[in-house]
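In what follows, a structure is listed as structure tokens, so that the remarks can point back to it.
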2 protein chains.
Amino acid sequence: MPARQGLAVRFEQWSAEAFDASRCPVRGVLDRLGDKWSTLIVIALARRPHRFGEIRRAVPDISKRMLTQTLRDLERDGLISRQVFPTKPPSVEYRLTALGESLLEPLNALVAWAEANQARIGAARVAFDAAAAMTEAPLPGLEVGGR
Amino acid sequence: MPARQGLAVRFEQWSAEAFDASRCPVRGVLDRLGDKWSTLIVIALARRPHRFGEIRRAVPDISKRMLTQTLRDLERDGLISRQVFPTKPPSVEYRLTALGESLLEPLNALVAWAEANQARIGAARVAFDAAAAMTEAPLPGLEVGGR
DNA sequence: CAGAATCCTTGCAGATACTG
DNA sequence: CAGTATCTGCAAGGATTCTG
């Protein structure tokens, strides 16, 4: 059965009765994966457990604040676990839970798709932008590339 | 080969040289799927082509503004196509492109995962919140449920 | 019907400083 | 080292109005 039908069936079930968007399970999951950092952190932890600072280094452009918060959210959802070692100074290790590992499979499929199709997407964007530029400035000025 | 390794390999390749986050292809794709609406729209269109108003009805809590914008973005990325029928009043039909359809497969995998594990995630949240409430109010006051 | 344009609010996220 | 706390901006997104 093609994926299309799997999704179609689900969709009909959702909308069947009152589709309460706030309770849609897919929303919750995709909102999480959609935020800038969750996915990258999960991917980083897919290799092996990491300490706080290690994750920061693995994901260079995340702020301490956002890292803490994202880790909390992932922990709250049961995707990662947090283990504190009472050393001095303290060290904390994060690792994927079984649930978190089970996410790797579909996540990997998505990442693979992204890589396989990034060129197509890029081309589509260029084409779209070119077409848009045409319609709004048929005789090109010097606008392109301007601020 | 387990998904874990697929992701691990990619991750190492990315971080190998200077990991320019802004050019990471996965970011672009996941940022799009992560926004509140793109995924729902794609799923709706998975069934069959829809007109503008139909999509609105299928995704009840989206504003006209956001729908227009999200459709534009999806079109720009080549995932959907837009066909205008010069009737009066005008009608516009959106449908998935081949590229968009190819996304259904991994997307379906993710949605299936979300559905299969929503109970586990929910339980994890409850447990986490309960534990958090304990540590910050060992002898419970009346705070829980307050504003 | 399908959208463009405008205003306006909010909550997310960055920077900074402090703590155990 | 691994966080918390606070302030502040800025931009995503909702409501509303106007048009072809």
Side-chain angles (χ1 to χ4, degrees), chain A residues 21-22 27-28 30-41 44-45 49-76 80-95 128 131-133 135-137 147, chain B residues 21-22 27-28 30-41 44-45 49-76 80-95 128 131-133 135-137 147:
Chain A
S22 61
R27 297 269 181 114
L30 287 181
D31 280 4
R32 180 107 334 161
L33 298 181
D35 76 39
K36 247 178 156 158
W37 310 113
S38 296
T39 306
L40 290 175
I41 292 174
L45 293 182
H50 278 63
R51 292 179 47 187
F52 188 87
E54 285 181 308
I55 305 180
R56 283 197 76 186
R57 265 167 263 126
V59 186
D61 52 347
I62 191 174
S63 70
K64 217 165 20 172
R65 187 184 184 285
M66 276 296 96
L67 178 53
T68 301
Q69 180 175 313
T70 306
L71 287 171
R72 274 277 192 279
D73 290 340
L74 290 171
E75 187 193 359
R76 188 172 112 94
I80 67 176
S81 65
R82 175 175 179 272
Q83 186 178 9
V84 182
F85 295 96
T87 58
K88 185 187 156 200
S91 76
V92 180
E93 196 176 81
Y94 295 90
R95 65 175 65 223
F128 184 91
T135 58
E136 77 181 42
R147 61 175 258 102
Chain B
S22 61
R27 297 270 181 113
L30 287 182
D31 280 4
R32 179 110 335 172
L33 298 181
D35 76 41
K36 247 178 156 162
W37 310 114
S38 298
T39 306
L40 289 176
I41 292 176
L45 293 181
H50 279 62
R51 292 179 45 187
F52 188 87
E54 286 182 307
I55 305 180
R56 281 196 76 185
R57 265 167 264 126
V59 186
D61 54 345
I62 191 173
S63 68
K64 217 164 22 171
R65 188 183 183 285
M66 277 295 94
L67 179 53
T68 302
Q69 179 175 315
T70 308
L71 287 171
R72 275 277 191 280
D73 289 340
L74 289 172
E75 187 192 359
R76 189 173 110 95
I80 68 177
S81 67
R82 175 175 179 272
Q83 186 177 7
V84 182
F85 295 97
T87 59
K88 184 185 159 200
S91 77
V92 180
E93 195 176 81
Y94 294 90
R95 66 175 65 226
F128 184 91
T135 58
E136 76 181 42
R147 60 177 258 105

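Numbered from 1 within each chain, the chains take letters A, B, ... in sequence-line order.
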Legend entry - For the student: nearest non-hydrogen atoms of B:P60 and B:A58, plus distance: CD-O, 3.4 Å
Inset, instruction - With heavy atoms under 4.0 Å as the rule, sort B:R56 into base, sugar-phosphate or nothing. - result: nothing
Legend entry - With B:R95 via side-chain hydrogen bond (donor to acceptor under 3.5 Å, both in side chains) - residues at least two apart: B:E93
Inset, instruction - Measure from CZ on A:R72 to C1' on D:dA5 and round the result to the nearest Å. - result: 14 Å
Legend entry - Inter-residue atom distance B:K36.NZ - B:I41.CD1, 0.5 Å rounding: 13.0 Å
Legend entry - Residues which pass side-chain contact (heavy atoms from CB on, under 4.5 Å) with A:S63, listed by chain and number, not counting sequence neighbours: A:R65, A:M66
Inset, instruction - For DNA chain D, list all stems, counting runs of three or more consecutive pairs where every pair is Watson-Crick or G-U wobble with both distances under 3.5 Å. - result: C:1-20 with D:1-20
Legend entry - Side chain proximity check, B:Q69 to B:R72, heavy atoms < 4.5 angstrom: no
Inset, instruction - Would you grab the first and last nucleotide of DNA chain C (5' to 3') that comes under 4.0 Å of any non-hydrogen atom in chain B? - result: C:dC1 to C:dT6
Legend entry - Atom pair CZ (B:F52) and CZ (B:R57), whose distance is rounded to the nearest 0.5 Å: 11.0 Å
Legend entry - Separation of atom CD in A:E54 from atom C1' in D:dC1, rounded to whole Å: 12 Å
So which protein N/O to nucleotides 10-18 of chain D N/O distances come out below 3.5 Å?
from   : atom 1 : to    : atom 2 : distance (Å)
D:dG13 : N7     : B:R65 : NH1    : 3.4
D:dG14 : OP2    : B:S63 : OG     : 3.4
D:dG14 : O6     : B:R65 : NE     : 3.1

Legend entry - A:D73: side-chain hydrogen bond (donor to acceptor under 3.5 Å, both in side chains) partners, not counting sequence neighbours: none
Inset, instruction - Under 4.0 Å from any atom of DNA chain D, heavy atoms only: list the residues of residues 83-95 of chain A that qualify, in numerical order. - result: A:P89, A:P90, A:S91, A:V92, A:Y94
Inset, instruction - Would you check if A:L45 and A:L74 make a side-chain contact, meaning some heavy-atom pair closer than 4.5 Å? - result: no
Legend entry - Passing candidate, side chain to side chain contact (heavy atoms under 4.5 Å, CB included) with A:L40, options A:D61, A:I62, A:V59: A:V59
Inset, instruction - Looking only at non-hydrogen atoms, find the nearest pair between B:G34 and A:D31 and report the distance. - result: O-OD1, 3.9 Å
Inset, instruction - For residues 81-92 of chain B, pull every pair meeting side-chain hydrogen bond (donor to acceptor under 3.5 Å, both in side chains), keeping only residues two or more places apart or in separate chains. - result: B:R82-B:Y94
Inset, instruction - Check for a donor-acceptor pair, side chain of A:T70 on one end and backbone N or O of A:S38 on the other, with a separation under 3.5 Å. - result: no
Legend entry - Gap separating the CZ atom of A:R27 from the CH2 atom of B:W37, nearest 0.5 angstrom: 5.0 Å
